[in-house]
Amino acid sequence: NSQETQNNSKVIYINHFSPYKSQKSESISNKIFKRIEDNLKSNGYEIKESKSDLKTLLLQAKADKAKFVVDGLYKLNEGDSLSIYSQIYNPETGFMIDALNITDELSGLEGITLDPNESKKTSDTSIEEFTKKISIRLRTNTKRIERRENINEAVTATSLGKDKELNFP
């Protein structure tokens, strides 16, 4: 049964996240990488760092028989808030199998005035929340099942899915 190829690899490639409609921040990109790396290492995974384009990375990870590839984008919002958009790939097939966004949801509510202090997530709390969630997504999907509803919610139904420049595989 080749569909269910058992891949017991503990290797996960993590690409440095890129800015999306936002200025570039090396420190944010490094912080996201470091937090995911620390979390997954403590859960027994071996992390390989990447700074290449997705196509190259997927081929490299496939050759290495890696378990997952994690790629993503970040957007610096006003104040210290941060949106994170992440995609998880199965390197064997090259397909996206899961996706997860952490956004400052409240900034999208037009015409509603909120106390800015109430609604503000700092970039650190967003990275923290993201790290916990992506770690759970990876650890609970050892068979690398495509989680279509997550992809629809985080990519297809958002501006990311409509953005031709992103060109997801």
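Values reported hereafter were calculated over all heavy atoms of this structure, with side chains retained and with hydrogens, waters and symmetry mates removed.
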**Study point:** Polar side-chain atom of Tyr74 near backbone of Ser25 as donor-acceptor pair, under 3.5 Å
**Key:** yes
Exercise for review: Would you please test Asp71 and Ser86 for side-chain contact (heavy atoms from CB on, under 4.5 Å) and show each step?
Suggested key: CA-CA 6 Å; Asp71 194 23; Ser86 181; over 6 Å; no
Point to revise | Asn7 versus Glu92, closest heavy-atom pair with distance | key: ND2-OE1, 4.3 Å
Check your understanding: Quick one: does Asn141's side chain have a donor or acceptor within less than 3.5 Å of a partner on Ile145's backbone?
Key -> yes
Check your understanding: Can you tell me how far the CG atom of Asn39 sits from the CD1 atom of Ile36, to the nearest 0.5 Å?
Key -> 9.0 Å
**Study point:** Residues Lys31, Asp124: salt bridge by 4.0 Å N-O rule
**Key:** yes
Point to revise | Worked check of side-chain contact (heavy atoms from CB on, under 4.5 Å) between Glu146 and Asn90 | key: CA-CA 9 Å; Glu146 180 186 286; Asn90 175 350; over 6 Å; no
Check your understanding: Tell me, do Ile97 and Arg147 make a side-chain contact under 4.5 Å, heavy atoms counted?
Key -> no
Review point. From Arg137 CZ over to Lys132 NZ, what is the distance, rounded to the nearest 0.5 angstrom?
Key: 15.0 Å
**Study point:** Check: Val11 and Asp64 side chains under 4.5 Å, non-hydrogen atoms
**Key:** yes
Point to revise | Closest heavy-atom pair and its distance - Ser126, Ile102 | key: O-CG2, 4.0 Å
Point to revise | Inter- and intrachain pairs under ring-ring contact (aromatic ring centres under 6.0 Å, His included), touching residues 149-169, at least two apart | key: none
**Study point:** Arg144/Asp98 under salt bridge (Lys or Arg N to Asp or Glu O under 4.0 Å): CA gap, chis, key distance, verdict
**Key:** CA-CA 9 Å; Arg144 302 192 288 195; Asp98 204 346; over 6 Å; no
Exercise for review: Using modelled atom types only, decide if a donor and an acceptor are shared between the side chain of Asn101 and the backbone of Ala154 within a distance under 3.5 Å.
Suggested key: yes
Practice item. Write down the atom of Ala99, the atom of Val155, and the distance for their closest heavy-atom approach. Key: CB-CG2, 3.8 Å
Point to revise | Considering all heavy atoms, the nearest Pro91-Ala66 contact | key: CG-O, 3.4 Å
Revision key, fill the gap. Residues Ser52 and Asn15: closest non-hydrogen pair is O-ND2, 2.9 Å
Practice item. Only pairs at least two apart or in different chains count here, so list each ring-ring contact (aromatic ring centres under 6.0 Å, His included) that has a residue in residues 17-69. Key: His16-Phe33, Phe17-Phe130, Tyr20-Tyr85
**Study point:** Ile127 side chain reached by Thr131 side chain, heavy atoms, under 4.5 Å
**Key:** yes
Check your understanding: Going by atom types alone, do Asn30 and Ser27 pair a side-chain donor with an acceptor below 3.5 Å?
Key -> no
Review point. What's the verdict on side-chain contact (heavy atoms from CB on, under 4.5 Å) for Asp163 and Lys21, showing C-alpha distance, side-chain angles and the deciding distance?
Key: CA-CA 11 Å; Asp163 195 325; Lys21 297 184 183 310; 3.5 Å; yes
Practice item. Count the heavy atoms belonging to other residues, nucleotides or ligands that lie under 6.0 Å from NZ of Lys162, then report whether that count exceeds 12. Key: yes
Review point. Hey, is CD on Glu153 packed in by over 12 heavy atoms from elsewhere, all under 6.0 Å?
Key: no
Check your understanding: Just by modelled atom types, is the Thr142 backbone N or O under 3.5 Å from a matching donor or acceptor in the Lys67 side chain?
Key -> yes
Practice item. Any chance you could lay out the side-chain contact (heavy atoms from CB on, under 4.5 Å) test for Ser50 and Ile14, step after step, and finish with the verdict? Key: CA-CA 6 Å; Ser50 166; Ile14 299 175; over 6 Å; no
Practice item. With salt bridge (Lys or Arg N to Asp or Glu O under 4.0 Å) as the test, would you mind laying out the steps for Lys24 and Glu26 before giving the verdict? Key: CA-CA 6 Å; Lys24 195 173 179 192; Glu26 211 58 53; 3.6 Å; yes
Check your understanding: Which pair of non-hydrogen atoms, one from Ser22 and one from Pro19, has the smallest distance, and what is that distance?
Key -> O-CB, 3.5 Å
